[in-house]
Amino acid sequence: MKYKKDELINRKNSLIFVLLGTLFVSFHLFYMSKEEKFIEDDTTNSKNIITSTLIAKKSKNNDSNNREVHVLTPEDEEIITSYSDKMAEMKVCLQLDTDDSILAKPEFENLYQIIHPSIGASIYNSEEWSNTHIKLADGSMRRIRIESEAKSEEKSIQKLSLYEVDSENLPVKIDIDKKFEINPSAEAIYELTSMGDVTYKELAANHYFENGEVVYHTEVNGQLKDLEITNRFGQIFKCQNLNSSQSACRCL
Amino acid sequence: MFNNKLIGLGAIALTLMSASGQAAVWTSTNTWNQEWEDKYSNWVETSFNEDFFTSGKYAGIPTDCADAVYAARIIYSFENGLPFSMKDPTGGNSLITNNMSRFDGTKDSISRLKKFLNFTSQVGSTKSLPNDTYPVSINRENVRAGTVWSRPRITRENIFSRIFGGTVQEDPGHAEVVKSVSDTGAIYLIGSTVPQAIRKLQTTSSLVFMPVETSTGLRNWLQPDFFNLQNSQLPGFSLEQFTTIGNQVSNNFNGEGGGPTTTTRNISTWTSDVQSKLALREENRDEAIRRQAKNVCTLATSRIDAVKKAVAYKNKINGCMNAEDYDSYSTPSRDKRIVETLDSMAKASGKFGFSLSQKISKLRSYLDECPELQISESEKIALSAFATSLLNGNVSSNPNDELRVRWGLEGKSQNTCPTY
């Protein structure tokens with residue numbers, strides 16, 4: 001009997017907790033919707049419009065929470081519209097079973113949200129290469145390139161190369177300690193990138209999905225640039241310059 | 001008199017200025033066009049040979065696979081006053097060209113060239129080749145000596161990955177140059193390997209992979225003026241090797257007189273399609289077998305040096321190799337490629353057999369056209385004998401094993417060293 005009473009009390013407490021949590025989330029969402037105005041697209045009849053992060057029009061200068069609000073330029077809006085159109089083409093090309101659409105800047109995270117319900121989860125991701133440009137306190141530039149390199153026919157390594165830049169804007173290799181050069185740890189990479197301000201970052205990455213799809217993409221400063229998705233049937237959707245309003249895609 | 005002195009000083013100044021005004025690795029005096037591309041192709045076929053970096057003017061230049069590909073283009077450009085450009089792989093927006101002035105302090109032109117080659121080797125790789133080349137349609141006009149064959153990565157997919165979400169192993173890619181295209185449409189490739197070293201190049205005719213991503217496959221160089229062009233403006237640009245070539249249509253028979261068809265691409269069909277598109281006449285069975293036998297000969301011959309180095313190192317350390325050395329000196333990928341080539345040879349022959357070993361045993365005479373393998377100073381073995389040992393599982397890839405075990409001459413491994 002005592003046990004049953006305790007159980008009832010626990011259930012009651014749990015219910016109260018869940019109700020409070022729901023109220024909190026609802027209040028938070030309502031508050032946020034008052035602050036942000038999303039770009040409207042009359043042609044969209046989507047179940048879900050993926051808007052990614054930080055998409056907003058700044059309506060007031062004084063944000064009482066001092067949150068960072070990104071202002072969209074006309075060029076940004078063109079890029080977002082162009083990207084949205086290209087994602088719609090992608091769904092048709094690759095026969096993706098989704099009604100979701102994207103209304104956001106071209107970023108891998110929102111692309112993944114669109115594709116993974118149809119093609120499953122990614123099982124392996126690798127960064128093929130990356131370039132990070134750093135400006136030192138004295139104004140000089142450094143470039144860090146990391147890419148996989150074959151050490152032998154059997155083994156590959158991650159190789160980091162550090163460069164300074166000459167008067168012709170060309171890289172000049174700088175000798176560095178082996179701990180940075182071969183299979184550098186995250187800490188070692190951080191140590192190098194912290195020597196100045198990052199002014200530019202680009203990378204190329206591959207993602208392998210459980211049903212056989214492969215996604216290759218490049219990014220510049222966090223935005224998708226080139227994209228190539230090959231589905232399990234050999235269909236290819238290929239895009240260039242997604243980070244501009246002049247992006248072009250093909251279904252092969 | 002004062003005027004004469006001024007004139008003299010002026011002359012000296014002019015002389016000094018012209019001497020220090022090199023400002024380029026080499027000066028471009030010609031421009032790439034179709035005629036020069038034809039000459040480049042001919043040069044690759046006749047002059048870019050296996051000993052290119054081990055004897056002659058360019059002996060001593062170390063290469064890995066991508067280095068050799070870039071070097072062929074750069075050296076030809078240098079020798080003919082043609083411009084060379086590549087995108088800066090470190091993300092800079094300037095092209096790397098022969099006009100760079102960094103090596104101006106080096107007076108000798110060949111030394112200056114070698115420094116430039118060293119620089120492009122530092123920054124370039126199979127990852128940068130897709131930026132400097134473009135895929136072409138498969139015909140004899142676009143695929144010929146000088147065309148690049150490359151992929152930026154090699155993906156080995158664990159067979160369980162689709163079922164259990166296992167792993168995909170990704171290794172750096174490979175690159176070679178088309179050495180020639182036979183009249184039967186067979187593509188001969190010449191290239192180096194990893195790690196970077198001074199070595200003879202190797203020629204084979206096996207393509208090994210089917211291009212899937214558009215950054216791979218058979219590609220021609222972007223001439224310096226091409227970097228700002230649209231794809232449609234590039235001569236011979238095509239994505240057909242990733243789409244229509246290699247398609248195999250199969251009927252999904254549903255027992256009622258028909259059914260939907262499925263189209264899949266596979267390497268066997270792809271290789272066959274490419275050969276057909278390039279062929280002026282059909283390759284007969286004998287030619288096909290002989291060609292694959294030659295590939296086996298090349299691969300097995302190059303194995304000799306790899307095994308010798310492993311044995312020498314093992315004797316030097318007089319103990320077991322650590323993981324790093326094990327990877328450097330073992331040969332599983334190389335041995336697997338030999339097996340795959342033997343398989344291609346068997347398929348070409350159409351010989352019946354319950355096992356690959358049995359099929360290959362009927363093709364001994366082709367394999368023994370290869371000179372015997374001089375595996376040590378005192379011992380040679382026939383290629384057919386090696387092939388049989390390999391297919392029967394008696395050849396060892398383990399770098400801790402003795403030489404005769406490595407070649408399948410002394411049964412199973414007896415070493416107790418760890419394997420990695």
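Quantities reported herein were computed from a predicted structural model and do not represent experimental measurements. Labels below follow one simple rule: chain letters A, B, ... track the order of the sequence lines, proteins then strands, and each chain is numbered from 1.
Interface remark: A/K238 contributes side-chain atoms only to the contact with chain B (heavy atom separation under 4.5 Å). With a 4.5 Å cut-off on non-hydrogen atoms, A/L170 touches chain B through its backbone and its side chain both. Looking at B/D327, the atoms closer than 4.5 Å to chain A (heavy atoms on both sides) sit in the backbone and in the side chain alike. Neither the backbone nor the side chain of A/S161 comes within less than 4.5 Å of any heavy atom in chain B. Contact of B/E324 with chain A is made through backbone and side chain together, with heavy-atom distances under 4.5 Å.
Considering only residues two or more places apart in sequence or on other chains, B/F242 meets the ring-ring contact (aromatic ring centres under 6.0 Å, His included) condition with none of them. With sequence neighbours left out, the ring-ring contact (aromatic ring centres under 6.0 Å, His included) criterion links A/F180 to no other residue. Residues meeting the ring-ring contact (aromatic ring centres under 6.0 Å, His included) test with B/F237, sequence neighbours left out: none.
A/Q240 places a side-chain heavy atom less than 4.5 Å from the side chain of B/N231. Side-chain contact between B/F119 and A/P171 is present, with heavy atoms from C-beta onward closer than 4.5 Å. The shortest side-chain heavy-atom distance between B/P89 and A/E147 does not fall under the 4.5 Å cut-off. Counting only heavy atoms from C-beta outward, the side chains of B/S328 and A/K151 approach each other to under 4.5 Å. Taking 4.5 Å as the limit, every side-chain heavy atom of B/V194 sits out of range of all side-chain heavy atoms of A/S152.
The main-chain N or O of A/E228 is never found under 3.5 Å from a side-chain atom of B/E213 such that the two would form a donor-acceptor pair. Of the possible polar contacts, none joining the A/D166 side chain to the B/R102 backbone as a donor-acceptor pair under 3.5 Å is found.
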Checklist entry - Stepwise, does the side-chain contact (heavy atoms from CB on, under 4.5 Å) test hold for B/R265 with A/F233? => result CA-CA 8 Å; B/R265 296 178 71 231; A/F233 308 113; over 6 Å; no

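In this model, no donor atom of one side chain and acceptor atom of the other lie less than 3.5 Å apart for B/S125 and A/E149. For the residue pair B/T90 / A/R143, a side-chain donor-acceptor distance below 3.5 Å is found, with atom types taken as modelled. A side-chain donor from one of B/S101 and A/E168 sits under 3.5 Å from a side-chain acceptor of the other.
Contacts from residues 245-252 of chain A to chain B, taken as heavy-atom pairs separated by less than 4.5 Å, involve A/R250, A/L252 in sequence order.
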